[in-house]
Engineer: 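Supplied in structure tokens, the structure appears directly below.
In what follows, every chain begins at residue 1, and chains take the letters A, B, ... in the order their sequences are listed.
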Protein chains: 2
Amino acid sequence: MSDFKNLDPLLHSQLRLAIMSLLLGLQSAEFVFIKEKTGATAGNLSVQIDKLSKADYIKVEKAFKGKKPVTTCSITTTGVEAFENYVNALKNYIG
Amino acid sequence: MSDFKNLDPLLHSQLRLAIMSLLLGLQSAEFVFIKEKTGATAGNLSVQIDKLSKADYIKVEKAFKGKKPVTTCSITTTGVEAFENYVNALKNYIG
DNA sequence: TTAACTAGGTTTATAATATAAACTACTTTA
DNA sequence: TAAAGTAGTTTATATTATAAACCTAGTTAA
């Protein structure tokens with residue numbers, strides 16, 4: 001792409017972008033909460049969280065709240081930077 | 001998606017978004033020109049132009065310039081509206 | 001006390017998408 | 001007239017997104 005910067009394919013995905021957007025505002029959120037806010041299915045969410053986590057865009061912590069498992073996600077500085085770069089690249093496209 | 005509006009999948013594609021962005025600024029452009037500006041391969045561009053055309057987001061006209069075939073594209077009002085809606089929806093995500 | 005149900009996920013199979021390689025048809029150049 | 005170039009299209013493949021199916025633990029109802 002000569003005139004248009006590449007859009008980070010990890011962020012150029014509706015659900016992953018929603019997850020990142022949410023985490024950027026909250027700094028930390030639980031799986032179930034993200035699921036409700038994004039309207040995603042658990043399976044899809046699980047897969048996308050995994051991808052973001054493997055890229056070190058988010059940090060994932062698994063613990064127990066009482067007897068129930070809880071997965072907590074938070075954005076990393078790498079993730080914040082990637083998000084900012086993505087938004088800047090997008091401006092090439094949407095003016 | 002409850003908190004996040006759906007992003008028109010036809011526009012949420014790097015190349016198609018680049019094509020639309022280009023046409024929005026120019027009102028009309030030839031295949032070869034779009035190819036250069038976007039850095040896309042001819043095959044990929046042909047497919048994506050076809051999709052945008054079938055959705056009536058762009059209009060495609062085929063003619064001859066001397067002995068060479070020329071494909072000219074321009075954005076439609078439907079396309080302009082779709083683009084605007086896409087940008088507005090995106091704002092949910094990128095603030 | 002075991003069968004059915006719920007919560008909180010993960011894994012896997014499938015559908016959709018993007019992309020490039022291969023091809024067509026015609027033209028120009030050597 | 002053969003080789004290379006132009007302007008694309010078609011098709012095969014790789015990637016991605018998504019939901020269905022599954023798993024594990026705990027909980028209630030019979």
Engineer: Can you tell me how far P of D:dA17 sits from CD1 of A:Ile49, to the nearest Å?
Structural biologist: 15 Å
Engineer: Please tell me which of the listed nucleotides, D:dT16, C:dA18, C:dG8, lies nearest to the side chain of B:Lys51?
Structural biologist: C:dA18
Engineer: With a 4.0 Å limit, can you tell me whether B:Lys65 has a side-chain N or O closer than that to the phosphate oxygens OP1/OP2 of C:dC26?
Structural biologist: no
Engineer: To the nearest Å, give me how far apart CD (B:Gln14) and P (D:dT15) are.
Structural biologist: 17 Å
Engineer: Any side-chain heavy atom of B:Phe31 within less than 4.5 Å of one from B:Thr72?
Structural biologist: no
Engineer: Grab the CG-P distance between A:Asp8 and D:dT16 for me, whole Å please.
Structural biologist: 11 Å
Engineer: Whole angstrom is fine here: how far is it from CD in B:Glu61 over to P in D:dA7?
Structural biologist: 18 Å
Engineer: Can you identify which nucleotide, out of C:dT10, D:dT9, D:dT16, has its nearest atom closest to the A:Phe31 side chain?
Structural biologist: C:dT10
Engineer: Between C:dT12, D:dA17, D:dT6, spot the one nearest the side chain of A:Val47, thanks.
Structural biologist: C:dT12
Engineer: Measure from CG on A:Leu17 to C1' on D:dA17 and round the result to the nearest Å.
Structural biologist: 15 Å
Engineer: OP1 or OP2 of C:dG9 less than 4.0 angstrom from a side-chain nitrogen or oxygen of A:Ser46, does that happen here?
Structural biologist: no
Engineer: Starting the side chain at C-beta, find the nucleotide from C:dG9, C:dA20, D:dA17 nearest to A:Ser13.
Structural biologist: D:dA17
Engineer: Can you figure out which of C:dA18, C:dT10, D:dT9 approaches the side chain of B:Gln48 most closely?
Structural biologist: C:dA18
Engineer: Between A:Ala42 and A:Phe64, just flag the one whose closest nucleotide in DNA chain D comes earlier from the 5' side.
Structural biologist: A:Ala42
Engineer: Considering heavy-atom distances to DNA chain D, does A:Lys67 or A:Asn44 have its closest nucleotide positioned more toward the 5' end?
Structural biologist: A:Asn44
Engineer: In whole angstrom, give the distance that lies between atom NZ of B:Lys68 and atom P of D:dT9.
Structural biologist: 16 Å
Engineer: Please answer: with hydrophobic residues joined when any side-chain heavy atoms are less than 4.5 Å apart, are A:Ile34 and A:Val47 in the same cluster?
Structural biologist: no
Engineer: Roughly, in whole Å, what's the span from CG in B:Asp50 to P in D:dA7?
Structural biologist: 19 Å
Engineer: Could you check if a side-chain atom of A:Phe83 sits within less than 4.5 angstrom of a side-chain atom of A:Leu17, using non-hydrogen atoms only?
Structural biologist: yes
Engineer: So, the side chain of A:Tyr93 versus the backbone of A:Lys5: is there a donor-acceptor pair under 3.5 Å, distance only?
Structural biologist: yes
Engineer: Any luck finding a side-chain donor-acceptor pair between B:Asn6 and B:Tyr86 under 3.5 Å?
Structural biologist: no
Engineer: Mind checking if B:Lys35 touches a base, just sugar-phosphate, or nothing, with heavy atoms under 4.0 Å?
Structural biologist: nothing
Engineer: Would you please confirm or rule out a distance under 4.0 Å between OP1 or OP2 of D:dA17 and any side-chain N or O of A:Arg16?
Structural biologist: yes
Engineer: For C:dT19 and B:Thr41 - does any side-chain N or O of the residue sit under 4.0 Å from the phosphate oxygens OP1/OP2?
Structural biologist: no
Engineer: In whole Å, I'd like the distance from the CG atom of B:Leu45 to the P atom of C:dA21.
Structural biologist: 16 Å
